[in-house]
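Order of the sequence lines sets the chain letters (A, B, ...), proteins ahead of strands, with each chain counted from 1.
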Amino acid sequence: MLSVESIKKIDHELTKYPSDQKQSAVMSALAIAQDEKGWLATETMDFVARYLGMPPIAVYEVATFYNMYNLQPLGKCKITICTNLPCALSGANEAVAHIQKKLGIGFNETSADGKFTLKEGECMGACGDAPVLLVNNKRMCSFMSDDMIDQLLEELSK
Amino acid sequence: MINFEIDGKPVSVPKNGTVMDGANQLGIYIPHFCYHKKLSIAANCRMCLVQVEKAPKPLPACATPAMEGMKVSTHSGQAVTAQKGVMEFLLINHPLDCPICDQGGECQLQDLAVGYGASSSRYTEAKRVVANKNLGPLISTDMTRCIHCTRCVRFGQEIAGIMELGMAGRGEHAEILSFVGSTVDSELSGNMIDLCPVGALVSKPFRYSARTWELSRRKSVSPHCGLGANLVVQVKQNRVMRVLPRENEAINECWLSDKDRFSYEGLNSEERLRKPMIRRGGHWQECDWQTALEFAANGLKAAKEKYGAQSIGALGSPHSTLEELYLLQKIARGLGSGNVDHRLRQSDFRADRSQGIPWLGMSIAEVSRLKSALIIGSTLRKDHPLLAQRLRQSVKQGAQLNLINPVDDDLFTTIANRAIVAPAAMAAILAQVLKAAAESTGKQIPADVKNALAAISVSDTARAIAASLINNKPAAIFLGNLAQHHPQYTNIHMLAQQLAQITDARFGILGEAANSVGAYIAGAIPGNDGSAEPVGTQSAQPGMQSLNASQMLGMSAGGIADAGAEPCRAYILMNLEPELDSYDPRQAVKTLEAAELVVMITAYKSHAILQGGYADVLLPGAPFTETSGTFINIEGRVQSFNGVVAPLGETRPAWKILRVLGNLLEIDGFDYETPEQVRAEILPGSSDVSARLNNHLGGFSLDDVGPQGEPMGSGIQRIGEVPIYQADPIVRRAESLQRTRDAAAPVAWMPGDLMGRLGIQAGDSVRLRQGEGELQLPAARDDKLPANCVRLASAHPLTATLGGMFGEIVVEKL
């Protein structure tokens, strides 16, 4: 189901835990699976469950609990923007409006060209840099003024 | 022990005890939802908040460890304020639909809301709504009512052994669900309904059929597996509406298997026989009791005159009560026949005269304390669900579970060592374990066994099983249903017994039915002695041969002893459906068809009985809810119960039918007025039968242990286990259970290499043949099966035209 490279990565994660506690690696295994597939389909979670010897529902519990696991297919770039209070006070709402206008999508929607998905996020622990957003769970972007946003979107559109 | 105070009263709990434990000891009630004494502690409902002196805030009683000198107040101002606050939050999203909720009247949330809830809500925002889930035919959901106590989730993980429900999402989006689209298939799933403190999980069969306060609660005992689980049967207008567990820590704890819980639907089945019926000229006619009983009595008298008393046979289901089985054998013996039996699925009777009354060999509660167990021939989870649950708990405490079985179904627990072998190789693998144990302990084994073991080479698995039994004490060896039905049962018994002696393990036989032990006590076993003494001590009268179930039904029992015995000419069958309840249904029906008279005492008029040609008169006998009676469970516990509803239509308790029949046959000693008199005759003085229980098999010499390893040639063996919801006539008619996945229609399961050799794909239709019987079924693949074996359920209408549960079977591609 998953590629050999992903399995190798999961196996590496498994070495960090006792061999009878394979389920400890569920979060990293799901993250690895998501990196490969882009999102977590039922079959993907089923595979992870079997691979770690867990009940499928226990994997599903974890996958639904955390925001960064995508349970729906999305665009190439997932933009998660923080709208919590410190960001909001520093212009996050304006940033959101700008992105939405620019991409023509609302929260939890994907642009028509399949490139962007916009998500509303919670505090990312960088309130001093507000407004902040996260690209594909991995890249943090700070001080997102309209110019910065235009620049970012252009870069990501390529 | 830790000493502390709750509400000013001193209490002491063991180390690691909690405040809740102390409160339970003192009988102080602390409101709670998520706490349950049999489940792990979650502390997520927060309802049990109490005030603890010097603690800065209220603490949850269920999760707060007791500390020396702690002072706890459960009803102080702070505690009650906290509890009221929690209740307000719990009620925020809970719908106010108590008037249409099945839980109404027995709802913990409803009860506690009266005590701790406000009379009106301060919450004006929108309430959340959660979509209902389809969890299968037994559990109905109303997930908006859920308060997320996670009792059902923890029950699955900890008791049922499989996590089928989980809590997905978080915060306001959290909801209980099963993995995408799956149902809850555990054989213990009904307990989640009891555990649910609100109306989120309710019983689907019972849904909207009655309110709890309309039901009267009556005690009873389960007639299914050998445990004799204690029941509360709830009755409305003379109809059984629902069955709940009656807590008995020694037997079922607070649980029930789904079979015990939902089989009641079979009691209200359309197929219930309401009036006696006689077949005249090939047509069934309803008649009155007098006519039917005279017909039966005259028929039996005529058969006795014409062919002699030995031509009469009596077969009773081990699901019948002690009293019924006793009177049945009394009639047969009164007529002069010793042909009485209850073991219709047994095929090997060689040990019959050298054995006491087989039983569990220990108390049921002791099973939870085992450190090692070897199960031979049982998918325990299906055969004895609650015993499997106890073993699951002991495995969690570090016990090792070993298995010798032809099928490798998931037992939802860790199996230390498993030997999955063809039925014919079961005795051989057991012999290997015995040899390994003998080598390891250096103990002596009898010469005949030693000779039989000489040529055997020991596998690593066998050595590991032996080591597990030797090194972990207490240990036990159990023979399951499949072992008892096995054509080499005596060999398996003998070897297991030797193994138990050598390894100093307990030895138990898991009786398949509620009254498997009781049937022996009642004397429903062949022999000429009417007394209900253990068979081993009976003196056979010379010149008279008694037939066992297998001989009575004309089976050659694998060509072993007494194959030449003539089957009977007249039969009394009690609570049986011979085409489903016997080892070789095809032969059984054929033999009964050839008989002159078949009297059936039965609660049901099945299609097979009415259309088949064997039965001559049907006497409607009451099922367990409509008669008083006694079951003796596998640990030898005598449990009497009363009828909970009046018999349906003209149905009569079977003990009364047998009493009248005895009188019509002019047999002495049938002047009982109450079932208590019958019981007193069976169990004079005390109801302690433990002295008569004995698994020891003596005087039987072990000749060989069967083929080593896989059978030779192309001979394919059948593995014919009894499906969980086909084991007895009541459960066969429980509609909801029949819609579960466990009740799926049988298919021919085969390992992949066998399918490859026969050129069969999964899903193909195959022809299966045993002797003259044949049928077509789809094939399915199960690579865990031993080579050259077909797993094909017995006791099912679809497979009733085939032969024995084990032995050779021919599989042909179509």
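- Counting non-hydrogen atoms of neighbouring residues, nucleotides and ligands closer than 6.0 angstrom, the NZ atom of A:Lys8 reaches no more than 12 such neighbours.
- Residue B:Arg741 places its CZ atom among 12 or fewer non-hydrogen atoms of other residues, nucleotides or ligands, all under 6.0 Å distant.
- Taking NE2 from B:His173 and OG1 from A:Thr64, the interatomic distance works out to 11.5 Å, rounded to the nearest 0.5 Å.
- Residue B:Phe179 holds its CZ atom at 5.5 Å from OG1 of A:Thr42, rounded to the nearest 0.5 Å.
- Counting heavy-atom neighbours within 6.0 Å of B:Phe89 CZ, excluding the residue itself, gives a total of 12 or less.
- Contact of B:Glu164 with chain A is made through the backbone alone, with heavy-atom distances under 4.5 Å.
- Atom CZ in A:Phe65 sits 8.0 Å away from atom CE in B:Met167 (nearest 0.5 Å).
- Atom CD of A:Gln151 has 12 or fewer heavy atoms from other residues, nucleotides or ligands within 6.0 Å.
- Counting heavy atoms from C-beta on, the side chains of B:Leu177 and A:Ile57 come closer than 4.5 Å.
- In terms of modelled atom types and a separation under 3.5 Å, the side chain of A:Glu61 and the main chain of B:Ala168 share no donor-acceptor contact.
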